[in-house]
Asks: 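Here you go, one structure.
One is the number of the first residue; the rest follow in order along the sequence. All of these numbers come straight from a predicted model, not from anything done at the bench.
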Amino acid sequence: MTDRTDPEHTDAATEAATKFDFGAATRDLTGWQKALIAALCVAYTAFHLVVLNAVALDAWVFRAIHVNLAAVIVFALYAPFGRPGNRITLFDYGLSAAALAAVAYIWWTLDALIMRTGVLMTTPDIIVATLGIIVVIEFTRRSSGLALPVLAAVFMAYGFIGPWLPGILYHRGFGLGEFTTFVYSMEGVFGIATAAAALYIVLFVTFAAFLQASGVGEYFMNLAFAAFGRMRGGPAKVSLFGSVLFGMISGSGVANVVASGTFTIPVMKRGGYKASSAGAIEAAASTGGQLTPPIMGAGAFIMAEVTGIPYTTIIVAAIVPCLLYYLAVYTHIDLEARKRGIEGLPASELPDLKALLKDGCVLAPLGVLITYLFAGYSVIAAGSWGIATSVLVMLQRRLGLDTRLLIVPFLSVLLSVNLVSGLSANEHGFVAVIAGLVALGIGALVQRASGLGAAVKGTIGDIGGALALGTRQCLQLAAVCACAGIVVGVIGLTGLGGRFSALLLGVAGESQFLALVFAMIIALILGMGMPTTAAYAIAASVIAPALQRMGLPVLATHLFIFYFAVISTITPPIALSAFAGAALAGAPPWETAFKAVRFGLAAFIVPFLFIQNQAVLLDGSTVEIVRTCLTAAAGVWALATASEGWFLGRLPVLFRAGLGIAAILLIAGDPTTDLIGLILGAACIGLRTATARRATA
């Protein structure tokens, strides 16, 4: 398989990531500072794994270490202003000292803090809370840009000027001590969003880092090229499939675009796609990765914390909407290829699919993860034993053994889960890992693999690299969750959420549709310029209560908000994912953004179906679920076809309008609208087919 990257596009990827996804330039540390930060990166994720699986630690202390140790690493890795340089400055040492002091203070005075926070605060409490908030703001600015810190600053100002504001914005006002100690507590910075980040997001981002270190990410991309590369518009379909796999593991749309777009965008351009189309396809595909179970770009974890709905229930409900989104993007890609006559890649540039399928057992970590999740074990157990199985993949690759040996730990999990239900998750995991080690050991003896010591040493190095990579990929998420906690804390302290809910209900009246449109606009605005996790966390605290007071289901409401928070990254005027794709493709940013919206158009309509018909979330009778899913799929296809304006040649305006109307009727989810939509759509297709045949006769 040929190399699909070159220095030019690697540089473009780095520039895109820096420009659109981070607030400051990365330092190139040297000497003991580089070694210290590398050790901290390894220690950060290792600390989370130990606490989650072995050592009990108070939740407040755990979350404080999670936020502030990440801040220390960011202050070292990212320069505050101007050129990055290669040394940590005194200013950064001061911020790091403040972060560590806050952790020490919380740990040392924990029992007293629990009793007096926000009520009987002391002067040291106020000083530590104030410094802690400053640390969070600067931490977020450096790791994710200005948008969220500015929003947090506006909300903090609101906490003090409320007595002078009119109407719904009025509140009695708060003193510095009352405000800061409340916000820098389990009600604000260390609240629900940070809880999800510390408990689940770090774990699954680390799992993704282990997959990447064990070669599974490369396997995904090769599998995508082998499966779709020969098809019409093959490079774009490779991008679609590969971006799903990359995208589900990250809470940042821009990171998804950069991670997979470096490989796919150059190939799409060489295949015949316009630069703007290549960037838009990558942006739409990568953005949809955050809608893809089982990880959903960390959003599912925050949703589970906020709603109390089991994680597995959320990811099952998200399956059909995700498939509908990707059906729409796939249809757009295919029609674009038809219009431009873009064929697949030559076989000489593609890997052998049969050989890749033989290596399919490298996916054992994913199999273990999913098995644990649906066997009823905790998310933490599933992620932890998925990581352990990834270590077996690393060792197998180092030894050069047959990948089919990796089926042993997966089968061990299946058998032990199904046959020995009395065992705990830890006991199941030990059974699987020991069975895997035995299988690899026997394989090494049979094959007489040499260099066993070197393989073990190399695997230990791979583990350290994966832990460090996991930390770097967690930093932004830790920052935005903590900073979003400031906003959520202010909303809770001032009662703004309840008053905003009353305002929304008052404006919308009895119209659920109007309330949903307002909710969509707010979620889109919040998501522009800030990561999805923060946008969802803030929008859920402001919008969801109002929608639920109208009688809308909890899960459908939160998925509705989450979808629009996700697709805000391809929505102009601040379409960061689309702009990153344009930077990689060398295309005009606005043209790329509007094309990305067109490719992802279904995501602006399907969420309304969540509310109208719960069957699309797999909640209902079998007949209703099948009918709703099939008609929704037909509607999504019709919408994409009408949008592209191509079916058996260029579609006349009348046919496009007819298909567009049929699409809306089919997606609406009501039996009557489904029937009318089917009749109208079938009539449009039939007439178009007849006219196309007459034209070619």
Side-chain angles (χ1 to χ4, degrees), residues 13 16-17 20-21 144 236-237 239-262 264-265 268 276-293 295-300 318 321-333 476-477 480 520 523-536 539 559-585 587 589 592-607 636 640 643:
F20 297 110
D21 208 31
S144 61
K237 291 171 182 175
S239 171
L240 180 67
F241 181 73
S243 298
V244 172
L245 302 173
F246 274 106
M248 74 171 72
I249 62 179
S250 169
S252 167
V254 176
N256 300 345
V257 172
V258 172
S260 54
T262 308
T264 58
I265 287 176
M268 280 191 276
S276 58
S277 294
I281 289 167
E282 181 57 50
S286 292
T287 297
Q290 294 180 85
L291 308 174
T292 306
I295 299 177
M296 295 176 67
C322 169
L323 293 175
L324 292 174
Y325 177 83
Y326 276 108
L327 172 63
V329 179
Y330 182 93
T331 304
H332 279 287
I333 289 171
Q476 188 190 74
L477 289 167
V480 299
M520 174 188 73
L524 287 173
I525 292 173
L526 284 174
M528 292 178 184
M530 71 175 68
T532 300
T533 45
Y536 165 69
L559 279 173
F560 181 93
I561 295 168
F562 180 67
Y563 256 64
F564 286 108
V566 168
I567 61 174
S568 64
T569 65
I570 60 170
T571 307
I574 310 175
L576 294 187
S577 293
F579 292 166
L584 287 171
T592 304
F594 282 111
K595 281 191 175 182
V597 169
R598 193 179 83 219
F599 293 154
L601 189 60
F604 291 87
I605 298 174
V606 169
V636 163
S643 174

Asks: Could you tell me which non-hydrogen atom of Phe564 sits nearest to which non-hydrogen atom of Ala603, and how far apart they are?
Replies: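 Closest heavy-atom pair between Phe564 and Ala603: CE2-O, 4.0 Å.
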Asks: Of all residues at least two apart in sequence or in a different chain, which pass the side-chain contact (heavy atoms from CB on, under 4.5 Å) check with Ala328?
Replies: Ala602, Val636
Asks: Can you check side-chain contact (heavy atoms from CB on, under 4.5 Å) on Phe560 and Met520, steps first, answer last?
Replies: CA-CA 8 Å; Phe560 181 93; Met520 174 188 73; 4.3 Å; yes
Asks: Quick one, Phe562 with Leu291, criterion side-chain contact (heavy atoms from CB on, under 4.5 Å). Give me CA distance, side-chain angles, the key distance, then yes/no.
Replies: CA-CA 9 Å; Phe562 180 67; Leu291 308 174; 4.0 Å; yes
Asks: Taking Ala285's backbone N and O only, do any of them form a donor-acceptor pair with Tyr326's side chain (distance below 3.5 Å, no angle check)?
Replies: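 Answer holds: yes.
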Asks: To the nearest 0.5 Å, tell me how far Ile570 CD1 sits from Glu282 CD.
Replies: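 Rounded to the nearest 0.5 Å, the CD1-CD separation comes to 12.0 Å.
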Asks: Does the Thr569 side chain pair with the main chain of Val566, one donor and one acceptor, at a distance under 3.5 Å?
Replies: yes
Asks: Could you walk me through whether Ile333 and Val329 satisfy the side-chain contact (heavy atoms from CB on, under 4.5 Å) test, starting with their C-alpha distance in whole Å, then the side-chain angles of each, then the deciding distance to 0.1 Å, before giving a yes or no?
Replies: CA-CA 6 Å; Ile333 289 171; Val329 179; 3.9 Å; yes
Asks: Sorted by first residue and then second, give each salt bridge (charged side-chain N to carboxylate O under 4.0 Å, His left out) pair with at least one member in residues 594-605; sequence neighbours left out.
Replies: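 Every salt bridge (charged side-chain N to carboxylate O under 4.0 Å, His left out) pair that includes a residue of residues 594-605, provided the two are not neighbours, is Glu336-Arg598, Glu591-Lys595, Arg598-Glu644.
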Asks: Testing the basics here: between Ser568 and Ala523, what is the closest heavy-atom pair and its distance to 0.1 Å?
Replies: CB-O, 4.4 Å
Asks: Mind checking the CD1-OG1 spacing from Ile525 to Thr571? Nearest 0.5 Å is all I need.
Replies: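 Rounded to the nearest 0.5 Å, the CD1-OG1 separation comes to 11.0 Å.
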Asks: Measure across Ala278 and Met268 and return the closest heavy-atom pair with its distance rounded to 0.1 Å.
Replies: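 Heavy atoms of Ala278 and Met268 come nearest at O-CE, 3.4 Å.
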Asks: To the nearest 0.5 Å, tell me how far Lys237 NZ sits from Ile281 CD1.
Replies: 10.5 Å
Asks: Return the OG1 to CZ distance between Thr287 and Phe599, rounded to the nearest 0.5 Å.
Replies: 13.0 Å
Asks: List for me each residue that meets ring-ring contact (aromatic ring centres under 6.0 Å, His included) alongside Tyr325, sequence neighbours excluded, and say none if there are none.
Replies: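 Scan of Tyr325 (ring-ring contact (aromatic ring centres under 6.0 Å, His included), adjacent residues dropped) gives none.
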Asks: Residues in side-chain contact (heavy atoms from CB on, under 4.5 Å) with Ala593, at least two apart?
Replies: Pro572, Ala575, Ala578, Phe579
Asks: Considering non-hydrogen atoms only, spot the tightest contact between Ile265 and Gly279 and give its length.
Replies: CD1-CA, 4.2 Å
Asks: Rounded to the nearest 0.5 Å, what separation is found between the OG1 atom of Thr592 and the CG atom of Leu584?
Replies: 10.5 Å
